[in-house]
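Quick notes on the structure that follows.
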Amino acid sequence: MELSKNYIPASAEDKWYQYWMDKQYFRSVPDERPPFTIVIPPPNVTGVLHMGHTLNETVQDILVRHARMSGFNACWVPGSDHASIATESKVVNMLKEEKGIEKSQLTRPEFLKYAYEWKEKYGGIIYHQIKKLGCSVDWDRVSFTMDDHYYQAVIRVFVDLYNKGLIYRGARMINWDPKAKTALSDEEVEYKEINGKLYHVKYAVVNAAGEATGEFITIATQRPETIMGDTAICVNPDDERYAHLKGHYAVVPLVNRKVPVIFDEYVDKEFGTGALKVTPAHDINDYNLGLKHNLEVVDTLNDDGTLSAAAIVFVGEDRFRARKKVIAALAEEGLLVKEQEYTTRLGYSQRNPDTVVEPRISTQWFVKMADMAQPALDAVVNGEVKIHPGDRFLATYKYWMENVKDWCISRQLWWGQQIPAWYDDAGQFVVAETHDDALKLYAEKFGKTATTLRQDEDCLDTWFSSWLWPMEVFNGISQPDNADINYYYPTSVLVTGQDIIFFWVARMIMAGLEYKHEKPFSDVYFTGMVRDKLGRKMSKQLGNSPDLLELIERFGADAVRFGIMISSPAGNDLLFDDTSCEQGRNFNNKMWNALKLVKMWKPGQNTGAPVPEFAVEWMENRLNEVHAEVEKLFKDFRLSEALKAIYSLIWDDFCSWYLEWIKPGFEQPIDAGVYEKTIGFFERLLQLLHPFMPFVSEELYHLLRERQPGDDLVIRQFVAPAATHQPILVEGALAKEVITSIRDARNKNQVKPKDTIALHIETRHQNAFQRIESILAKQLNARELTYTKEAIPGAVSLVVGKDKFYMVTDTEVDPAAQKESLLKDLVYQQGFLKSVDAKLANEKFVQNAKPEAVEAERRKKADCEARIQAIEESLKLL
RNA sequence: GGGAGCUUAGCUCAGCUGGUUCAGAGCAUCUGCCUUACAAGCAGAGGGUCGACGGUUCGAAUCCGCCAGCUCCCA
């Protein structure tokens with residue numbers, strides 16, 4: 001068969017993915033094997049996979065494929081989540097821009113129809129990308145957080161937690177997104193540092209009777225537009241400047257409301273003017289002060305961020321425009337004392353990053369977290385769930401769990417599970433899974449029949465559905481104790497980004513413990529953030545995130561997987577650069593060419609040429625050694641190191657050394673036994689590589705020789721590596737070292753590659769060289785290789801280890817260059833010897849150090865002295 | 001303000017339980033090669049007082065303290 005010059009990924013990739021699917025290799029059903037389960041962290045349906053996903057999916061595929069090849073029943077469940085707020089805002093925008101429809105014109109079912117269409121379209125794009133990347137997911141198990149059974153599960157959990165008293169409804173200070181017009185959880189708010197201003201505003205003081213005292217009290221605020229909601233001025237009780245104002249009032253500018261001056265330790269005397277305006281409706285701290293001092297709450301904002309009627313002035317103006325107008329009005333009245341530059345942190349909506357979140361009092365649904373947090377914290381602290389890399393994230397996890405606040409789960413959105421609470425006209429409610437249940441429950445609870453019950457308009461936070469993911473993808477909530485959940489749960493590993501440790505990981509552990517009384521997964525592997533090569537976050541605004549499909553087209557999926565894995569230790573950010581994909585592509589090519597070489601050989605019996613037994617034995621041992629190492633690295637989740645080890649084994653050991661050692665002469669046959677062994681090595685190498693680079697390895701596996709049906713690499717089971725025979729590895733290392741040193745000498749003496757040399761070895765360990773003689777001769781282009789007991793005049797002499805080598809060349813050599821390199825080595829060795837001697841002369845070292853360490857130093861000394869002697873003798877000859 | 005992590009070759013990073021298998025890898029650089037698998041390649045080479053200072057130890061890139069710079073999380 002004619003093999004192309006270079007490896008061409010595209011056709012091989014599509015072919016093999018289809019083949020694997022046709023053979024149902026990714027399909028998993030419970031059987032007698034142990035399960036290895038991964039549930040995909042659902043990418044949301046708002047767009048396409050970015051490089052962060054690519055890293056995530058690649059890591060999961062590596063783990064799953066490795067498990068599938070190691071005797072496990074591997075099951076990787078794909079899916080996506082509905083991303084309530086993100087998707088809804090995209091759909092709303094799309095409707096407005098493409099169809100000119102406002103959400104308010106639509107009924108809930110009409111809107112949901114559009115949302116589902118949108119989900120079909122973008123969910124499909126994501127699945128296509130997952131395929132292109134080679135992910136071995138079980139396509140019969142695709143899950144979506146809004147599937148019917150999933151929807152039911154979420155509702156059931158809500159009702160259950162409500163009945164257990166773990167969900168409650170109440171008015172609390174929450175984070176409000178005025179653009180999406182919905183509540184957010186604390187985790188969905190991102191704080192950014194910005195340059196703001198602190199405005200000093202003076203309020204007139206009046207006495208209890210309401211008479212002006214002629215005095216003013218000056219407060220400092222970042223948010224002058226909220227002063228219409230002020231219901232007190234607060235100062236520190238120890239602040240002498242304001243002590244005399246006890247029992248007095250202040251007049252809120254613009255609206256002339258008389259508010260009390262109150263005293264509380266909360267106020268920092270040093271900050272601003274030491275006087276604080278208190279606006280309980282629009283600041284969490286003010287809200288708490290309000291509760292303590294029984295203050296009135298005046299909510300001056302509408303849900304869209306404009307001023308409400310309660311503000312009296314500038315009603316209907318946007319909050320930021322209103323701020324400017326308030327400042328102008330205050331200045332006009334002479335109440336604005338000064339403006340001061342001020343850095344502060346503002347909360348932005350995670351899903352509407354340009355929108356400043358408004359603290360607001362609102363009636364919402366909450367999950368009580370404290371009781372559920374405790375077992376989830378214990379599970380991680382006692383190691384039941386292991387986090388990788390552990391040291392770094394354990395503290396973060398603990399802190400959040402120990403300080404967890406109640407979780408606001410209601411959203412004023414339509415795209416999501418609608419809250420199963422049912423209200424009568426008076427606002428009394430019951431919580432039930434269905435309308436019928438609600439009617440029955442209502443009758444029981446209130447002793448009367450409800451004429452109409454209206455379901456809560458709001459829907460649930462997406463994370464309130466995705467925390468059930470490891471269970472409900474197996475119908476674990478909707479059909480408890482079914483065969484799948486019993487077999488696959490708890491899952492094996494969760495691979496995800498560290499940014500959602502609270503959103504998801506922590507809450508999944510809580511839900512798993514609550515509903516299965518068992519952890520949802522044994523290990524959590526956090527990947528780092530993918531940044532561009534300048535270290536910047538990848539983002540749409542910067543346009544620095546490469547398009548995955550385009551990358552695959554340019555380099556092939558294997559090369560992209562290689563590129564992203566080669567430099568991404570667990571938990572560390574990685575700077576992604578095309579050149580690492582290039583390295584992956586070159587690696588493909590290297591293996592392709594090795595295949596071409598091997599395919600070119602004609603195996604024969606009794607070829608007459610010496611059989612390179614040493615090379616074969618050495619390669620076998622190297623393979624076993626690295627295989628064992630790779631298994632250990634897998635256990636520790638050090639995947640990029642495992643890939644590096646395999647890469648180097650294939651490129652360096654196999655291609656650069658082994659194949660050269662066994663390569664027959666031009667158009668000469670190769671020994672049939674060696675040929676068979678070599679094919680076997682190649683197969684094992686491809687097998688080791690397969691989890692990382694599935695396509696090229698499967699392709700080469702099939703090109704290497706004819707395969708029986710079902711003999712496919714994707715399911716070929718690993719055989720535990722045999723123990724290594726150390727001496728052969730040592731001899732191999734010696735061979736490499738001698739070859740490299742003499743090649744260097746050839747180079748330095750300008751001996752052309754084609755020119756032959758005669759090599760004479762002066763050693764006391766002749767038997768160590770006998771097995772590698774033919775290799776040395778071949779690799780050094782030596783026409784003659786002999787042993788000698790004395791120096792060879794006129795030869796280039798060099799020292800490797802304790803042995804001396806004489807290289808006789810046909811061309812003139814430059815003794816000065818030789819002398820220089822020998823001298824350089826001599827100086828280094830003498831320095832080294834000195835440091836070893838110093839150690840051995842130190843009595844404390846000899847007494848305290850481990851005997852092995854002392855023994856090692858003695859050996860070093862002896863070796864070093866022998867080497868120095870060899871160098872000195874060589875120098876004398878020059 | 002609280003916490004965590006990072007700082008090793010020009011760049012990106014490995015270096016687990018302290019001792020030449022400890023100063024490494026890959027890119028990049030330099031030299032020589034179109035050697036019949038591979039120039040997307042082959043054969044070699046150069047390059048770092050392991051952020052600063054102090055301590056523990058016979059011995060520190062490695063353990064401890066402190067400082068500086070960077071990053072992230074939380075308030």
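Protein chains get the first letters and strands the later ones, always in sequence-line order, with residue 1 at the start of each.
- For A40(B), the base has a donor-acceptor partner in the side chain of Arg585(A) [N/O atoms by modelled type, under 3.5 angstrom].
- The backbone N or O of Val380(A) sits nowhere less than 3.5 Å from a side-chain atom of Lys398(A) that would complete a donor-acceptor pair.
- Listed candidates were G41(B), C13(B), A39(B). Nearest to the side chain of Lys5(A) is A39(B).
- A gap of 11 Å separates the P atoms of G24(B) and G46(B), to the nearest Å.
- Between the CD1 atom of Ile566(A) and the C1' atom of A25(B) there is a distance of 9 Å, rounded to whole Å.
- The separation between Lys754(A) atom NZ and U35(B) atom P is 6 Å, rounded to whole Å.
- With hydrogens and angles disregarded, a donor-acceptor distance shorter than 3.5 Å links the side chain of Arg746(A) to the backbone of Leu780(A).
- Atom CD of Glu582(A) and atom P of C27(B) are 11 Å apart (whole Å).
- Between Trp657(A) and Trp618(A), the ring center distance fails the sub-6.0 Å criterion.
- Taking atom P on both C38(B) and G32(B), the two are 23 Å apart, rounded to the nearest angstrom.
- Looking only at atom types and distance, the side chain of Glu188(A) has a donor-acceptor partner in the side chain of Ser185(A) under 3.5 Å away.
- Here, A4(B) and C64(B) have their P atoms 13 Å apart, quoted to the whole Å.
- Which of A37(B), A75(B), C13(B) sits closest to the side chain of Leu575(A) comes down to C13(B).
- Minimum atom distance to the side chain of Arg638(A) is reached by G15(B), of the listed C27(B), G15(B), G44(B).
- In this structure, of G44(B), A75(B), G41(B), it is A75(B) that holds the atom nearest to the side chain of Lys405(A).
- Scanning atom types as modelled, one donor and one acceptor separated by under 3.5 angstrom connect the side chain of Asn589(A) and the base of A40(B).
- Side-chain contact of Asn781(A) with Asp755(A): a donor-acceptor pair under 3.5 Å is absent, judged by distance alone.
- Between the side chains of Lys839(A) and Asn842(A), not a single donor N or O lies within less than 3.5 Å of an accepting N or O.
- In this structure, Lys590(A) contributes its side chain and Ile650(A) its backbone to no donor-acceptor pair below 3.5 Å.
- Distance noted for atom C1' between C27(B) and G47(B): 14 Å (whole Å).
- Look at the P atom in both U31(B) and A37(B): the space between them is 28 Å, to the nearest Å.
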(request) Both distances under 3.5 Å, Watson-Crick or G-U wobble: on that basis, could you give the dot-bracket string for RNA chain B, with [ ] for crossing pairs and | for other-strand partners? (result) (((((((..((((.....[....)))).(((((.......))))).....(.(((..]....))).)))))))).

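- Spacing of C1' atoms, G10(B) relative to C16(B), comes out at 29 Å, to the nearest Å.
- Note on Ser656(A): only backbone sugar-phosphate atoms sit closer than 4.0 angstrom, heavy atoms only; bases stay farther off.
- Distance noted for atom P between C53(B) and C67(B): 16 Å (whole Å).
- The aromatic ring centres of Phe562(A) and Phe587(A) sit less than 6.0 Å apart.
- Taking only side-chain atoms of Asp744(A), from C-beta outward, the nucleotide of A45(B), A40(B), G19(B) with the closest atom is A45(B).
- Here the separation of G44(B) from C70(B), taken at their P atoms, is 43 Å to the nearest Å.
- Closest approach to the Arg743(A) side chain among G44(B), A37(B), C42(B) is made by G44(B) (side chain taken as heavy atoms from C-beta onward).
- Classification of the Tyr647(A)-Trp651(A) ring pair by plane angle, with boundaries at 30° and 60°, yields tilted.
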Considering only nitrogen or oxygen atoms on both sides, find all protein atoms under 3.5 Å from nucleotides 70-73 of chain B and state each distance.
none

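- With hydrogens and angles ignored, no donor-acceptor pair under 3.5 angstrom links the side chain of Glu641(A) to the base of A25(B).
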(message) What verdict does the side chain to side chain contact (heavy atoms under 4.5 Å, CB included) test give for Phe637(A) and Lys386(A), after you've listed the backbone C-alpha separation in whole Å, the side-chain angles of each residue and the deciding distance to 0.1 Å?
(response) CA-CA 11 Å; Phe637(A) 292 93; Lys386(A) 287 187 283 295; over 6 Å; no

